[in-house]
Amino acid sequence: MPPQPHEILDYILIDSNPLRARIAELGRQITADYQGQTLMLVGILKGSMLFMADLMRYIEVPHTVDFMDVSAYGAGARQSSGDVRILMDLHSPIEGQHVLIVEDIIDSGHTMDHVLRLLQARRPASLKVCTLLDKAERREVPIKLDYVGFEIPNVFVFGYGLDIDEYYRNLPYIAVVKPGIDLSHE
Ligand code: IMP
Ligand code: MG
(Lines give C-alpha, C1' and ligand atoms only; values in the text may rest on other atoms or scores of the structure.)
(Ligands and ions follow the chains in the order given, each with its own letter.)
Protein backbone atom coordinates (compact mmCIF):
# COMPACT_ATOMS: atom_id res chain seq x y z
CA MET A 1 0.00 0.00 0.00
CA PRO A 2 1.31 3.48 -0.82
CA PRO A 3 1.55 5.83 2.20
CA GLN A 4 -1.37 8.13 2.97
CA PRO A 5 -0.96 11.61 1.43
CA HIS A 6 -0.48 13.24 4.86
CA GLU A 7 2.48 10.95 5.57
CA ILE A 8 4.48 12.23 2.60
CA LEU A 9 3.07 15.73 2.24
CA ASP A 10 5.28 18.61 3.38
CA TYR A 11 2.88 21.46 2.48
CA ILE A 12 0.15 22.31 0.00
CA LEU A 13 1.64 24.52 -2.70
CA ILE A 14 -1.60 25.29 -4.59
CA ASP A 15 -4.98 24.53 -3.05
CA SER A 16 -8.14 23.71 -5.00
CA ASN A 17 -9.61 27.22 -4.90
CA PRO A 18 -6.64 29.05 -6.42
CA LEU A 19 -6.30 26.18 -8.91
CA ARG A 20 -9.89 26.59 -10.03
CA ALA A 21 -9.62 30.39 -10.21
CA ARG A 22 -6.44 30.31 -12.32
CA ILE A 23 -7.79 27.61 -14.64
CA ALA A 24 -10.94 29.68 -15.20
CA GLU A 25 -8.72 32.64 -16.14
CA LEU A 26 -6.72 30.51 -18.58
CA GLY A 27 -9.96 29.27 -20.14
CA ARG A 28 -11.22 32.81 -20.61
CA GLN A 29 -7.89 33.90 -22.13
CA ILE A 30 -7.90 30.92 -24.54
CA THR A 31 -11.53 31.66 -25.45
CA ALA A 32 -10.60 35.25 -26.31
CA ASP A 33 -7.47 34.28 -28.28
CA TYR A 34 -9.22 31.65 -30.43
CA GLN A 35 -12.41 33.63 -31.07
CA GLY A 36 -13.97 32.67 -34.43
CA GLN A 37 -11.80 29.54 -34.75
CA THR A 38 -12.20 25.91 -33.83
CA LEU A 39 -9.59 24.38 -31.61
CA MET A 40 -8.10 20.95 -30.97
CA LEU A 41 -6.90 20.30 -27.44
CA VAL A 42 -4.15 17.69 -27.16
CA GLY A 43 -3.66 16.38 -23.63
CA ILE A 44 -0.46 14.65 -22.63
CA LEU A 45 -1.36 11.61 -20.53
CA LYS A 46 -1.66 10.92 -17.78
CA GLY A 47 -0.72 14.01 -15.81
CA SER A 48 -2.94 16.42 -17.75
CA MET A 49 -6.23 14.61 -17.27
CA LEU A 50 -7.63 16.61 -14.35
CA PHE A 51 -6.34 19.90 -15.78
CA MET A 52 -7.86 19.10 -19.18
CA ALA A 53 -11.24 18.18 -17.69
CA ASP A 54 -11.39 21.45 -15.74
CA LEU A 55 -9.84 23.73 -18.38
CA MET A 56 -12.18 22.68 -21.20
CA ARG A 57 -15.21 23.66 -19.12
CA TYR A 58 -13.99 27.26 -19.36
CA ILE A 59 -13.17 27.20 -23.09
CA GLU A 60 -16.12 28.59 -24.97
CA VAL A 61 -14.91 28.20 -28.55
CA PRO A 62 -15.85 24.93 -30.31
CA HIS A 63 -13.15 22.36 -29.67
CA THR A 64 -12.28 18.70 -29.95
CA VAL A 65 -10.05 16.75 -27.57
CA ASP A 66 -7.41 14.12 -28.24
CA PHE A 67 -4.68 12.58 -26.13
CA MET A 68 -1.21 11.19 -26.50
CA ASP A 69 0.93 9.33 -24.00
CA VAL A 70 4.63 9.95 -23.94
CA SER A 71 7.22 8.78 -21.46
CA ALA A 72 10.33 10.67 -20.55
CA TYR A 73 11.12 9.05 -17.25
CA GLY A 74 12.12 5.47 -16.62
CA ALA A 75 9.70 3.87 -14.14
CA GLY A 76 10.06 5.62 -10.82
CA ALA A 77 12.98 7.80 -11.86
CA ARG A 78 12.91 11.48 -11.10
CA GLN A 79 15.10 12.94 -13.81
CA SER A 80 14.03 13.35 -17.41
CA SER A 81 16.48 11.42 -19.57
CA GLY A 82 15.84 13.29 -22.78
CA ASP A 83 14.92 9.88 -24.15
CA VAL A 84 11.25 10.44 -24.96
CA ARG A 85 9.04 7.66 -26.33
CA ILE A 86 5.52 7.83 -27.78
CA LEU A 87 3.47 5.23 -25.91
CA MET A 88 0.15 6.18 -27.52
CA ASP A 89 -0.27 8.50 -30.50
CA LEU A 90 -3.19 10.81 -31.31
CA HIS A 91 -6.28 9.25 -32.85
CA SER A 92 -6.97 12.04 -35.33
CA PRO A 93 -4.83 13.91 -37.86
CA ILE A 94 -3.91 17.49 -36.94
CA GLU A 95 -3.01 18.92 -40.35
CA GLY A 96 -4.65 22.32 -40.78
CA GLN A 97 -5.96 22.35 -37.19
CA HIS A 98 -5.36 24.93 -34.47
CA VAL A 99 -3.71 22.69 -31.88
CA LEU A 100 -3.24 23.58 -28.22
CA ILE A 101 -1.16 21.11 -26.20
CA VAL A 102 -2.33 20.73 -22.59
CA GLU A 103 0.37 19.56 -20.16
CA ASP A 104 0.63 19.22 -16.39
CA ILE A 105 4.18 20.45 -15.89
CA ILE A 106 7.24 21.51 -17.87
CA ASP A 107 10.39 20.51 -16.05
CA SER A 108 13.58 19.95 -18.10
CA GLY A 109 11.55 20.63 -21.26
CA HIS A 110 12.70 17.46 -23.04
CA THR A 111 9.21 15.95 -23.22
CA MET A 112 7.59 19.07 -24.67
CA ASP A 113 10.47 19.68 -27.06
CA HIS A 114 9.95 16.20 -28.49
CA VAL A 115 6.16 16.52 -28.68
CA LEU A 116 6.41 19.94 -30.39
CA ARG A 117 8.80 18.63 -33.05
CA LEU A 118 6.61 15.61 -33.70
CA LEU A 119 3.37 17.59 -33.99
CA GLN A 120 4.90 20.48 -35.96
CA ALA A 121 5.96 18.00 -38.64
CA ARG A 122 2.25 17.17 -39.18
CA ARG A 123 1.60 20.73 -40.34
CA PRO A 124 -1.07 22.05 -37.98
CA ALA A 125 -2.47 25.54 -38.76
CA SER A 126 -1.05 26.64 -35.39
CA LEU A 127 0.59 24.92 -32.44
CA LYS A 128 0.66 26.34 -28.92
CA VAL A 129 1.38 25.08 -25.42
CA CYS A 130 -0.68 25.43 -22.24
CA THR A 131 0.93 24.09 -19.07
CA LEU A 132 -0.54 24.18 -15.59
CA LEU A 133 2.88 24.31 -13.91
CA ASP A 134 6.24 25.65 -15.06
CA LYS A 135 9.38 24.63 -13.16
CA ALA A 136 11.38 27.18 -15.13
CA GLU A 137 14.54 26.83 -13.01
CA ARG A 138 15.00 23.25 -14.22
CA ARG A 139 14.82 23.95 -17.94
CA GLU A 140 17.47 22.26 -20.10
CA VAL A 141 15.80 22.92 -23.48
CA PRO A 142 14.17 26.31 -24.17
CA ILE A 143 10.40 25.97 -24.75
CA LYS A 144 8.04 28.77 -25.75
CA LEU A 145 5.06 28.54 -23.40
CA ASP A 146 1.90 30.32 -24.52
CA TYR A 147 -0.21 29.78 -21.37
CA VAL A 148 1.18 29.06 -17.90
CA GLY A 149 -0.97 28.44 -14.83
CA PHE A 150 1.71 28.84 -12.17
CA GLU A 151 5.48 29.12 -12.14
CA ILE A 152 6.71 26.93 -9.28
CA PRO A 153 10.08 26.51 -7.53
CA ASN A 154 12.34 23.50 -7.96
CA VAL A 155 10.43 21.12 -5.67
CA PHE A 156 8.84 17.75 -6.44
CA VAL A 157 5.06 18.10 -6.46
CA PHE A 158 2.16 15.66 -6.59
CA GLY A 159 -1.64 15.71 -6.78
CA TYR A 160 -4.13 17.14 -9.29
CA GLY A 161 -2.94 14.76 -12.02
CA LEU A 162 0.70 14.57 -10.96
CA ASP A 163 1.82 11.26 -9.54
CA ILE A 164 4.38 9.59 -7.37
CA ASP A 165 4.76 6.08 -8.77
CA GLU A 166 1.29 6.44 -10.37
CA TYR A 167 -0.49 7.24 -7.09
CA TYR A 168 -2.01 10.48 -5.74
CA ARG A 169 -3.24 11.83 -9.10
CA ASN A 170 -6.73 12.17 -7.60
CA LEU A 171 -5.82 14.75 -4.94
CA PRO A 172 -7.65 18.07 -5.49
CA TYR A 173 -4.55 20.16 -4.60
CA ILE A 174 -0.89 20.31 -5.60
CA ALA A 175 1.42 19.39 -2.74
CA VAL A 176 5.16 19.31 -2.10
CA VAL A 177 6.79 16.04 -1.01
CA LYS A 178 8.50 15.99 2.40
CA PRO A 179 12.28 16.19 2.18
CA GLY A 180 13.87 12.75 2.49
CA ILE A 181 10.97 10.81 0.96
CA ASP A 182 12.35 8.27 -1.48
CA LEU A 183 10.64 8.82 -4.81
CA SER A 184 12.46 6.16 -6.74
CA HIS A 185 11.19 2.78 -5.37
CA GLU A 186 13.31 0.97 -7.96
P1 IMP B 1 10.41 17.13 -18.57
O2 IMP B 1 10.61 16.32 -19.82
O3 IMP B 1 11.63 17.08 -17.68
O4 IMP B 1 9.95 18.54 -18.82
O5 IMP B 1 9.34 16.36 -17.72
C6 IMP B 1 8.00 16.54 -17.83
C7 IMP B 1 7.27 15.39 -17.15
O8 IMP B 1 7.96 14.99 -15.96
C9 IMP B 1 5.90 15.80 -16.72
O10 IMP B 1 4.95 15.51 -17.72
C11 IMP B 1 5.69 14.99 -15.47
O12 IMP B 1 5.12 13.75 -15.78
C13 IMP B 1 7.06 14.74 -14.90
N14 IMP B 1 7.37 15.62 -13.75
C15 IMP B 1 8.25 16.65 -13.74
N16 IMP B 1 8.29 17.25 -12.54
C17 IMP B 1 7.39 16.60 -11.77
C18 IMP B 1 6.96 16.76 -10.40
O19 IMP B 1 7.40 17.64 -9.63
N20 IMP B 1 6.01 15.89 -9.97
C21 IMP B 1 5.48 14.90 -10.76
N22 IMP B 1 5.86 14.72 -12.04
C23 IMP B 1 6.81 15.56 -12.54
MG1 MG C 1 3.56 13.37 -17.22
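In this chain, residues are counted from 1 in sequence order. FYI, side chains are in, hydrogens and waters are out, and symmetry mates aren't considered; it's all heavy atoms of this structure. In this text the structure is predicted, and so the values were computed from the model without any measurement. Both ligands and their constituent atoms are indexed starting at 1 by order of listing.
Comparing L162, V115, I164 against atom 22 (N) of ligand 1, the shortest heavy-atom distance belongs to L162. The option with the heavy atom closest to atom 12 (O) of ligand 1, from among D104, I152, V155, is D104.
Residue E103 touches ligand 1 through its side chain alone, judged by heavy-atom distances below 4.0 Å.
Using 4.0 Å as the threshold, K135 has a heavy atom nearer than that to some atom of ligand 1. Ligand 1 has no atom lying under 4.0 Å from any heavy atom of R139. The closest approach between a heavy atom of G109 and any atom of ligand 1 is below 4.0 Å. Residue contacts with ligand 1: F158 is excluded, as none of its non-hydrogen atoms falls under 4.0 Å. Residue contact annotation: D163 has a non-hydrogen atom under 4.0 Å from ligand 1.
Listed for the N154 side chain is no donor-acceptor partner under 3.5 Å among the backbone atoms of E137. Checked by atom type and distance alone, the side chain of R85 never pairs as donor or acceptor with a backbone atom of V70 at under 3.5 Å. Proximity of a side-chain donor or acceptor of T31 to a complementary backbone N or O of Y58 within less than 3.5 Å is detected. With hydrogens and angles disregarded, no donor-acceptor distance shorter than 3.5 Å links the side chain of D163 to the backbone of R169.
For the atom pair R20 CZ and D15 CG, the distance stands at 9.5 Å (nearest 0.5 Å).
Looking at K46 and D104, no side-chain N of the basic residue comes within less than 4.0 Å of a carboxylate O on the acidic one, giving no salt bridge.
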Residues R22, E25; criterion salt bridge (charged side-chain N to carboxylate O under 4.0 Å, His left out); working and verdict
CA-CA 5 Å; R22 182 68 186 124; E25 261 175 25; 2.6 Å; yes
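Ligand-side atoms of ligand 1 in range of T111: 1 (P), 2 (O), 5 (O), 6 (C), range being under 4.0 angstrom from any heavy atom.
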